[in-house]
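Each chain gets a letter, A, B and so on, in the order the sequences are listed, and its residues count up from 1.
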Amino acid sequence: MCGRFTVKGDPAKVRKNFRLLSIPNLMPRYNVAPTQDIAVVGLGKDGPNLIQMRWGLVPSWSKDPKAGAPLINARADTVAVKPAFREAFRKRRCLIVADGFYEWTGEKEQKQAWYITLASGEPFGFAALWERWRPPAGTQGEPILSAAIVTTDANDAIAHIHHRMPVILDPADHAAWLDPSATPDRLAGFLKPLPSVSVRAYRVGKTVNAVRNDGPECVAPLDAAA
DNA sequence: CCAGACGTTGTT
DNA sequence: GTCTGG
DNA sequence: CCAGACGTTGTT
DNA sequence: GTCTGG
């Protein structure tokens with residue numbers, strides 16, 4: 001699964017990897033948590049554009065955005081048919097800007113966090129969906145743009161940590177993923193685990209556990225050797 | 001036909 | 001334990 | 001995802 | 001929005 005991630009930055013690389021028209025103004029984030037604002041790349045009239053959304057998809061028909069667990073992940077194998085996701089999967093695919101994510105092993109006192117990045121260290125896009133929620137007529141509330149990360153089986157490099165992982169797209173596939181006319185078969189082809197050779201994972205301290213911590217210490221290797 | 005329900009994942 | 005907030 | 005809160009009444 | 005139940 002994927003319940004925390006980073007966008008440490010280098011906005012210039014983000015611009016390059018997502019083919020944005022300008023360098024985005026991104027604050028370095030070391031501990032992005034569900035319900036927080038995230039940077040999402042969608043397909044605008046003039047190409048890819050970056051906007052801010054909330055992590056945790058709220059179905060358009062939801063009566064109350066706070067009702068139910070936040071939909072932070074969507075399984076690749078069912079995203080096309082689940083009521084909460086299928087329409088977004090068909091019409092509102094997007095990329096969530098990141099450069100690493102966390103997974104945990106163990107429980108309670110023995111809980112151990114791991115930090116996973118590309119071997120290249122480059123920023124990347126999670127395959128994601130977005131949705132627009134509007135408050136029902138006559139009720140309080142502001143419209144909410146929200147998104148969920150598609151997950152798939154873990155690759156061999158991180159299977160010892162967790163059996164699921166977020167879908168990370170090859171930049172070469174970004175345009176095709178965002179293409180409104182993409183066929184279901186084509187899309188399914190993108191929703192695969194990243195090759196093991198292209199990821200790195202190492203243990204980190206418990207700083208990341210608390211959402212209030214959002215600095216470089218979150219990604220500091222636990223082992224001196226790492 | 002209309003009314004009303006419908007969120008998900010990963011864990012054990 | 002369960003739910004909420006981040 | 002994890003951390004932390006989560007009590008009610010009656011009275012002023 | 002789409003699907004199910006009546």
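Residue Arg4(A) is classed as a base contact, given a heavy-atom separation below 4.0 Å to a base. Among the heavy atoms of the strands, none lies under 4.0 Å from Asp77(A). Residue-level contact check: Ser60(A) touches neither bases nor backbone, having no heavy atom under 4.0 Å from any strand. At a threshold of 4.0 angstrom between heavy atoms, the contacts of Phe85(A) are confined to the sugar-phosphate backbone, with no base atom among them. Residue contacts for Val208(A): at a heavy-atom cut-off of 4.0 Å it reaches no nucleic acid atom on any strand shown. Within 4.0 Å (heavy atoms only), Trp104(A) reaches sugar-phosphate atoms of the nucleic acid but no base atom. At the heavy-atom level, Ala74(A) lies under 4.0 Å from the strands shown only through sugar-phosphate atoms.
Listed candidates were dG5(C), dT12(B), dC1(D). Nearest to the side chain of Glu107(A) is dT12(B). Nearest nucleotide to the Pro34(A) side chain, out of dG4(D), dG6(C), dG10(B): dG6(C). For Thr151(A), taking side-chain heavy atoms from C-beta onward, the closest of the listed nucleotides dT9(B), dG1(E), dT8(B) is dT9(B). Of the candidate nucleotides dG10(B), dC2(D), dT8(B), dC2(D) has the atom lying nearest to any side-chain atom of Asn209(A). Nearest nucleotide to the side chain of Ala69(A), out of dG1(E), dA3(D), dT8(B): dT8(B). For Arg164(A), taking side-chain heavy atoms from C-beta onward, the closest of the listed nucleotides dG10(B), dT8(B), dG4(D) is dG10(B). The side chain of Ile72(A) lies closest to dC1(D), out of dG1(E), dC1(D), dT9(B). Nearest to the side-chain atoms of Lys82(A) among the listed nucleotides dG10(B), dG1(E), dT8(B) stands dT8(B). Of all nucleotides listed (dG6(C), dC1(D), dC6(B)), dC6(B) comes nearest to the side chain of Lys63(A).
Across dT9(B) and dG1(E), the matching C1' atoms stand 22 Å from one another, rounded to whole Å. Nucleotides dT11(D) and dA3(B) have their P atoms positioned 47 Å apart, rounded to a whole Å. A distance of about 11 Å separates the P atoms of dT12(B) and dC2(D), rounded to the whole Å.
Per the geometry, CD belonging to Glu87(A) stands 4 Å off C1' belonging to dG1(E), to the nearest Å. Taking atom NZ of residue Lys91(A) and atom C1' of nucleotide dT2(E), one finds them 11 Å apart after rounding to whole Å. In this structure, Leu129(A) atom CG and dG1(E) atom P are separated by 18 Å, rounded to whole Å. Distance CH2 (Trp55(A)) to P (dC1(D)): 10 Å, rounded to an integer number of Å. Between Lys111(A) atom NZ and dG4(D) atom P the separation is 12 Å, expressed in whole Å. If you take NZ of Lys108(A) and C1' of dG4(D), they are 14 Å apart, rounded to a whole angstrom. Rounded to an integer number of Å, the gap from Phe5(A) CZ to dC2(D) P is 16 Å. Straight-line distance from the CG atom of Leu71(A) to the P atom of dC6(B): 15 Å, rounded to whole Å.
A centroid separation of less than 6.0 Å is found between the aromatic rings of Phe126(A) and Phe5(A).
Nucleotides of DNA chain B nearest to Cys2(A) and Trp61(A) differ in position, and the one nearer the 5' end is that of Trp61(A).
Heavy atoms only, all atoms of each residue included: Ala88(A) and Glu131(A) are closest at CB-OE2, 4.2 Å.
Considering SG of Cys218(A) and OH of Tyr102(A), their distance stands at 4.5 Å, rounded to 0.5 Å.
Across every strand in view, dT8(B) sits unpaired, with no contact that passes the Watson-Crick or G-U test at under 3.5 angstrom. Figure legend. dT4(C) is base-paired to dA3(D); pairs are counted as Watson-Crick or G-U wobble with both atom distances under 3.5 Å.
Using a cut-off of 4.0 Å between Lys/Arg side-chain N and Asp/Glu carboxylate O, Lys66(A) and Asp64(A) are scored as not salt-bridged. Using a 4.0 Å cut-off between a side-chain N of Lys or Arg and a carboxylate O of Asp or Glu, Asp223(A) and Arg203(A) qualify as a salt bridge.
In this model, the phosphate group of dC2(D) is not approached by any side-chain N or O of Arg212(A) to a distance below 4.0 Å at OP1 or OP2.
For the pair Ile144(A)/Arg54(A), a side-chain contact is recorded, criterion being any heavy-atom separation below 4.5 Å from C-beta on. Met53(A) places a side-chain heavy atom less than 4.5 Å from the side chain of Trp130(A).
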